[in-house]
There are 2 protein chains.
Amino acid sequence: MVKYQQISKEMRQRLVDGYYSSNQPIPDEVTLAKQFDCSRMTMKKALDILVTEGFLYRKRGHGTFIVKSAIQSNKLNVVSNDTLGLSNLLKGQGKRPTSKILNFEVKFPTEEIASHLSIDLDTPVYDITRLRCVDGEPYVIEHTYMPTTLIPGINEKVLLSSIYSHISDNLGLKVAGSHRKIRASKAELLDQNYLDCQPDDPILEVEQAGYLNNGLPFEYAFARHRYDKFEFTTVHIRR
Amino acid sequence: MVKYQQISKEMRQRLVDGYYSSNQPIPDEVTLAKQFDCSRMTMKKALDILVTEGFLYRKRGHGTFIVKSAIQSNKLNVVSNDTLGLSNLLKGQGKRPTSKILNFEVKFPTEEIASHLSIDLDTPVYDITRLRCVDGEPYVIEHTYMPTTLIPGINEKVLLSSIYSHISDNLGLKVAGSHRKIRASKAELLDQNYLDCQPDDPILEVEQAGYLNNGLPFEYAFARHRYDKFEFTTVHIRR
DNA sequence: CAGTGGTCTAGACCACAGA
DNA sequence: CTGTGGTCTAGACCACTGT
C-alpha cells in the first residue's frame, strides 16, 4: 500500500475513534503533513479520499471539518463496498449467498447483447440465470451474459459460488468498473415462481455492464430483486 | 476555470471529435504536458477527470486509451449531469418540467425527519408535495422536507419553478452532494391518482438526503417515479 | 533495455475568510 | 494582516510492460 493510502487509513481510524473533536477543524494540511512526514501534496491526496468517502469536508479559508453524521452511523461504507457481485455485498454483514442455477448454456448473442459486450455475432456467450438466496430466502434472480473468449472456464462449480472470485482469483483479471441502470418493473412469471412473490409485487431491476481494467466489457447482466429485500444506495459528491 | 479544467475540457472535445485514433493510445503524459504547456502533474489531473468520466482508461506500462463505447453513445454524461433536481436532469434534453403543488405547509418534524436533517424537534420544516410533469405528462411525485431556518424564502413561485435554483441563485448556497437510496415500491393511492397509473404498476422511489458544502443537510426527500418514464443511471469506477 | 503511468517531494503563488 | 485550502511546477524515483 502506498503512502497516501496508509495515511488515509490512519486518519480514517482517528476519525471513527474520536481522536479529533468534531466541533472544530482538524489540524491544517501543513501541520498534518509534518506529523505524517510527507509533503503537503501527499497529505492532500490522503484527505481527498476521506472527503470523497464523506467523512470530511473542506471550507476554503477556514479548514477541514468532520461530517458528524458520517462518523456516527458508518453507512458511508457503501462507497468502498460498492463493488460488483452479491457475494461482495454480503461480506460486510457476515452472510453468504447460496446459488441455484436455473439456466446455463452457451449460445450466440443477439444483436443487443453483442453490442453491449463489444463482440461480433459469431462469438459465443454464456447465458446464465441464477437464483441467489440468503439464509435460504430468495433474494434476486441474476441473468448474466459473458463472452466465452474473454472469461473462459465457467462451470457449475464457479456458478454456485462467485463469478467475480473466478475472474479475479483464477483468471487474474481486474474489474475496473461498471455502468448501471436501475428501474422498477412488474413481476414476470419467472420472478413469481422463484422469488416467491405476488403478481402485483414490484421488482427492482439493475441492468449492469461490467468492464475490465483493459477497457473490455466482460459482463452484461440483469439483476431482478425482491422489492422488500433490497435497496440500492449511492453517494454523490459534486466536483 | 483553472488550468487542469481547461485542459480537460479541450481533451474531452478532441476525443468526441475523433482527433485521436481510438485504436492506439493517446500521446503519453509528458508529451501532452509539453503540448499544453503545463507540468506532468497538472496534465495527469486533467486526464484523471476524463478517466473518472469513463472516456479514458490507463494501462500502466502501456499508455492511456480511449473507451470506444463512451465516445460513440455519449450516455456517460450522467456523471456530469448527475446533479440534483428534475430541472437539471431535463436541461440536456431541451425539455422543461412543470409543477403542480399538491401540498405545501410548515410544521414540526417527526423524529425521523429531524434526525435526517440534523435538527431538533422544535425547528419547523417545510413539508412539500409536488407533482412534476414533462410535456403535460405526469412523471414523478416529490415529497420534500427542508428546515425553514436553513432554506428561507420558499413560496409558491419558487415551488412552481426549481427549488435548486432558489438555493443557489437567491440564497447563494452551494450544494455539495447527496446520499440516495433507490427501491421499488407499490403504487399508493396518491400515486394512482396523480401519476395516472394502475394499482399494480410499480413505482421507482428515490430517497435522498442533500447536503450543502458546509456539511449541513438541507433536504430530505422522496421522489416516486412512474416505472415506464424513469430509470436511474450510475457509473462506478473502482479506485 | 526503453517507455509508460504511479507516486512523492519541496516549494511557490493564488483565492478566500476572519480579525 | 494571517491562516486556511486550491493549484501548479520541475524534477525525482518506482512499478509495470513488451522488446
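Computation of the quantities below employed the complete heavy-atom set of this structure, encompassing side-chain atoms and omitting hydrogens, waters and symmetry-equivalent molecules. Protein chains get the first letters and strands the later ones, always in sequence-line order, with residue 1 at the start of each.
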Hey, does the side chain of [X] come within less than 4.0 Å of [N]'s phosphate (OP1/OP2), counting only N and O?
| X | N | result |
| --- | --- | --- |
| B/Arg58 | C/dG6 | yes |
| A/Lys3 | C/dT9 | yes |
| A/Thr42 | C/dT9 | yes |
| B/Tyr4 | D/dT7 | yes |

Output the rounded distance in Å from [atom1] ([X]) to [atom2] ([N]).
| X | N | atom1 | atom2 | value |
| --- | --- | --- | --- | --- |
| B/Lys59 | D/dT17 | NZ | P | 10 Å |
| B/Leu47 | C/dG5 | CG | P | 8 Å |
| B/Met43 | D/dA10 | CE | C1' | 17 Å |
| A/Leu32 | C/dT9 | CG | P | 14 Å |
| A/Met1 | C/dT7 | CE | P | 13 Å |
| A/Phe36 | C/dT9 | CZ | P | 13 Å |
| A/Lys34 | C/dT9 | NZ | P | 15 Å |
| B/Glu29 | D/dC8 | CD | C1' | 16 Å |

Checklist entry - Is the NZ or CZ atom of B/Lys59 positioned over B/Phe65's six-membered ring, under 6.0 angstrom from the centre and within 45° of the axis? => result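 Yes - B/Lys59 lies over the ring of B/Phe65, closer than 6.0 Å to its centre and within 45° of its axis.
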Checklist entry - Of A/Val30 and B/Gly61, whose nearest nucleotide on DNA chain D comes first from the 5' end? => result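 Upstream on the strand: A/Val30.
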Closest nucleotide among [options] to the [X] side chain:
| X | options | result |
| --- | --- | --- |
| B/Lys44 | C/dC8, D/dG5, C/dT7 | C/dT7 |
| A/Met41 | D/dT7, C/dT7, D/dT4 | D/dT7 |
| B/Thr64 | C/dA17, C/dG5, D/dG5 | C/dG5 |
| A/Lys45 | D/dG6, C/dT7, C/dG5 | C/dT7 |
| B/Ser39 | C/dG5, D/dA10, D/dG5 | D/dA10 |
| B/Arg60 | D/dG18, C/dA15, C/dG6 | C/dG6 |

Checklist entry - Does A/Phe55 have its ring centroid less than 6.0 Å away from the ring centroid of A/Tyr57? => result no
Checklist entry - Quick one: the side chain of B/Arg40 and the base of C/dG6, do they pair up donor-acceptor inside 3.5 Å? => result yes
Assess the side chains of [X] and [Y]: does a donor N or O sit below 3.5 Å from an acceptor N or O?
| X | Y | result |
| --- | --- | --- |
| A/Tyr126 | A/Glu105 | no |
| B/Gln13 | B/Tyr19 | no |
| B/Glu219 | B/Tyr164 | yes |

Checklist entry - Which sits closer to the 5' end of DNA chain C, A/His62 or A/Asp37, going by the nucleotide each is nearest to? => result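 Here A/Asp37 is the residue nearer the 5' end.
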Item to check | Who pairs with C/dA15 - Watson-Crick or G-U, where each distance is under 3.5 Å | outcome: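 Base-paired to D/dT4.
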Checklist entry - Does B/Arg183 use its side chain to pair, donor to acceptor, with the backbone of B/Leu204 at less than 3.5 Å? => result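 Not confirmed, B/Arg183 side chain does not pair with B/Leu204 backbone.
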Checklist entry - Contact class for A/Asp48 (heavy atom, under 4.0 Å): base, sugar-phosphate, or nothing? => result nothing
